[in-house]
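What follows is one structure encoded as structure tokens, with my remarks underneath.
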Amino acid sequence: MSKYEKTIGLEVHVELKTQSKIFSSSANTYGMDTNTCVNVVDLGYPGTLPTINEEVLKIGVKAAHILHCNITKRMHFDRKNYFYPDNPKNYQITQSRTPIGTDGYVEIELDGEKKKIGIEEIHIEEDTCKSAHRGKVSLLDFNRAGVPLLEIVSKPCMKNKDEAIKYLEKLKELLFYGDISDCKMEEGSMRCDANVSLSKEVGKLGTKCEVKNMGSIHSVGEAIEIEEKRQQECLEKGEVIKEQTRRYDEKKKATILMRVKETGNDYRYFPEPDIPFVVLEDSFIKEAIETLPLLPDELRKIYQEKGLSKTQIEKIIANRPLSNYFNQLLENDINHSLAANLLLGDIAAYLNKKNLTLDQTKLGKNRFLSLIQKMEDGSLSSKNLKEILDEIMESEKAIDDIMKEKGIQNIKDDTVILQVIEKVMQENEASVKDYLEGKDRALKYLMGQVMKETKGSVNPKMANDLLIEKLKERSV
């Protein structure tokens with residue numbers, strides 16, 4: 001496909017984390033019984049009037065700031081007119097002419113190179129009903145009608161599916177950590193449409209086709225690739241591509257024509273007469289931005305300064321509850337890399353097995369700090385921890401008391417450890433010789449014998465250091 005200029009732009013809708021809907025007092029929830037979170041405003045009853053949810057404006061400001069957009073201080077809402085069963089008023093309240101954010105970007109990194117994906121605009125709007133199709137019958141759930149949305153429209157600057165996937169992953173991470181949305185594509189709180197075009201002329205945009213109905217970021221990548229192939233085949237046959245809307249059929253691995261694309265004129269946009277102009281004061285914008293938590297790239301820098309590896313950093317950031325817990329420890333003078341290993345290793349395994357979150361366990365901050373200290377000073381080995389972890393997580397007993405009950409007492413006396421090492425070296429001269437000849441595996445074997453001899457009760461780090469020291473003496 002190298003003879004074609006590929007251009008991709010993405011339109012992403014995210015549902016906002018608010019208590020109520022954007023223009024009514026109905027609860028903004030997910031998973032409730034059908035048509036139970038509804039009032040006359042959501043149903044589009046004649047004579048009802050919309051009232052702006054101030055929290056939506058605050059979240060819109062935060063999103064615009066996170067995505068490096070210019071914030072529109074004086075804006076109005078518009079009516080987007082169209083007739084469709086999921087739209088009870090026959091118009092959608094949105095922002096056409098004065099979006100809350102313009103001209104931003106998201107920075108991605110692909111194959112070691114950084115690129116800024118431009119954002120054309122961010123605008124606030126209301127969601128429509130949710131349609132459920134049952135054969136020839138379509139059912140409507142008004143619980144979703146009026147749920148606040150942000151539509152984030154990228155510039156047509158992505159050149160392949162890999163850039164599109166990276167952009168979506170980064171956007172999702174930013175919006176999730178910014179408390180803008182929970183971004184659960186499987187629940188529909190993050191939805192993406194892809195505009196794909198091919199052109200034979202470098203620097204010239206082809207005719208875009210919009211692809212909908214992708215249920216995951218992976219599916220977006222698949223749909224883009226399949227639509228590129230379809231357009232290429234059309235162009236090679238000499239066909240003219242018309243602007244259109246298509247849906248992605250995951251089972252058939254194909255994009256299916258839905259309708260010829262509407263134009264802006266078809267929607268007959270005009271200012272919403274029932275909502276006055278909105279003016280955002282500087283103090284309102286400042287207050288909204290100041291409520292933002294630490295964002296992923298800020299955390300990456302902090303975690304790196306605390307000695308975490310790149311792998312540890314990415315794994316913690318991928319699990320926000322663990323990240324929130326770990327952030328409580330940043331000001332403490334501890335081995336943060338060890339703390340990260342504990343959280344990502346044995347503790348994460350326990351949580352997954354029990355299907356729990358950390359706040360459902362007894363592992364409070366002070367208890368965890370005590371655990372780290374015992375691991376650091378050798379009072380508790382990794383092997384011992386596995387034996388008592390369930391009790392640490394489930395009971396309120398002091399860790400010292402749990403260790404005492406289980407008979408765990410790691411040897412930290414140099415003299416005792418050295419006696420064991422001398423015995424192991426005498427009984428394993430061949431392994432000692434192998435180590436001196438540069439065979440590193442021999443060290444692991446000898447350490448294993450030391451642990452076996454002491455039944456795991458020796459301080460592992462101390463024993464390892466003393467063993468290496470004694471082996472070096474042999475090499476002199």
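Each residue takes its place number in the sequence, starting with 1.
- Applying the salt bridge (Lys or Arg N to Asp or Glu O under 4.0 Å) test between Asp193 and each of Lys212, Lys208, Arg246 identifies Lys212 as the sole match.
- Applying the salt bridge (charged side-chain N to carboxylate O under 4.0 Å, His left out) rule to Lys116 yields no partners; only residues at least two apart in sequence or on another chain are considered.
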Output side-chain donor-acceptor pairs under 3.5 Å for residues 96-110, partner residues at least two apart or in another chain, one line each.
from, atom 1, to, atom 2, distance (Å)
Arg97, NH1, Asp78, OD1, 3.0
Arg97, NH2, Tyr269, O, 3.2
Thr98, OG1, His76, N, 2.8
Thr98, OG1, His76, O, 2.9
Asp103, OD1, Lys155, NZ, 2.8

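- For the pair Lys184/Tyr30, no side-chain contact is recorded, criterion being any heavy-atom separation below 4.5 Å from C-beta on.
- Of all heavy-atom pairs spanning Ile124 and Gln95, the tightest one is N-OE1, 3.0 Å.
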Identify each donor-acceptor pair in which a side-chain atom of residues 275-287 lies under 3.5 Å from a protein atom, sequence neighbours left out, and give them as a table.
from, atom 1, to, atom 2, distance (Å)
Asp282, OD1, Lys73, NZ, 2.7

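- Smallest separation of non-hydrogen atoms from Arg320 and Tyr177: NH2-O, 3.4 Å.
- The shortest side-chain heavy-atom distance between Lys62 and Thr291 falls under the 4.5 Å cut-off.
- Neither side chain, Gln92 nor Asn87, offers a donor N or O lying under 3.5 Å from an acceptor on the other.
- Cation-pi geometry between Arg79 and Phe270 is not met: the NZ or CZ atom fails to fall both under 6.0 Å from the ring centre and inside 45° of the normal.
- The side-chain hydrogen bond (donor to acceptor under 3.5 Å, both in side chains) pairs that include a residue from residues 158-169 are Glu5-Lys159, Lys115-Glu163, Lys161-Glu225, where partners are two or more places apart or lie in different chains.
- Tyr325 pairs by the ring-ring contact (aromatic ring centres under 6.0 Å, His included) definition with Phe368, not counting sequence neighbours.
- Looking at residues two or more places apart in sequence or on another chain, you find a salt bridge (charged side-chain N to carboxylate O under 4.0 Å, His left out) between Glu314 and Arg300.
- Summarising the geometry of Phe142 relative to Asn35, their closest heavy-atom pair is N-OD1, 2.5 Å, with the distance given to 0.1 Å.
- Evaluation of the side-chain hydrogen bond (donor to acceptor under 3.5 Å, both in side chains) test over residues 37-48, restricted to residues two or more places apart or in two chains, returns Lys21-Asp42, Ser24-Asp42, Ser26-Asn39, Ser26-Asp42.
- Among residues two or more places apart in sequence or in another chain, the salt bridge (charged side-chain N to carboxylate O under 4.0 Å, His left out) test is passed with Asp249 by Arg247.
- For Glu405, the salt bridge (charged side-chain N to carboxylate O under 4.0 Å, His left out) partners at least two apart in sequence or on another chain are Lys397.
- Contact between Leu322 and Leu343 at its shortest, heavy atoms only, is CD1-O, 3.9 Å.
- Screening residues 345-359 for salt bridge (Lys or Arg N to Asp or Glu O under 4.0 Å) gives Asp346-Lys386, Lys354-Glu394 as the qualifying pairs, with residues at least two apart or on separate chains.
- Among pairs with a residue in residues 124-137, those fulfilling salt bridge (Lys or Arg N to Asp or Glu O under 4.0 Å) read Lys89-Glu126, Asp127-Arg144, Asp127-Arg191, at least two apart in sequence or across chains.
- Remark: Asn28 engages Thr18, Val147, Pro148 in a side-chain contact (heavy atoms from CB on, under 4.5 Å) (not counting sequence neighbours).
- With respect to Lys3 and Glu236, a salt bridge is recorded, a charged nitrogen being found less than 4.0 Å from a carboxylate O.
- Here the side chain of Glu272 pairs a donor or acceptor atom with the backbone of Asp274 at under 3.5 angstrom.
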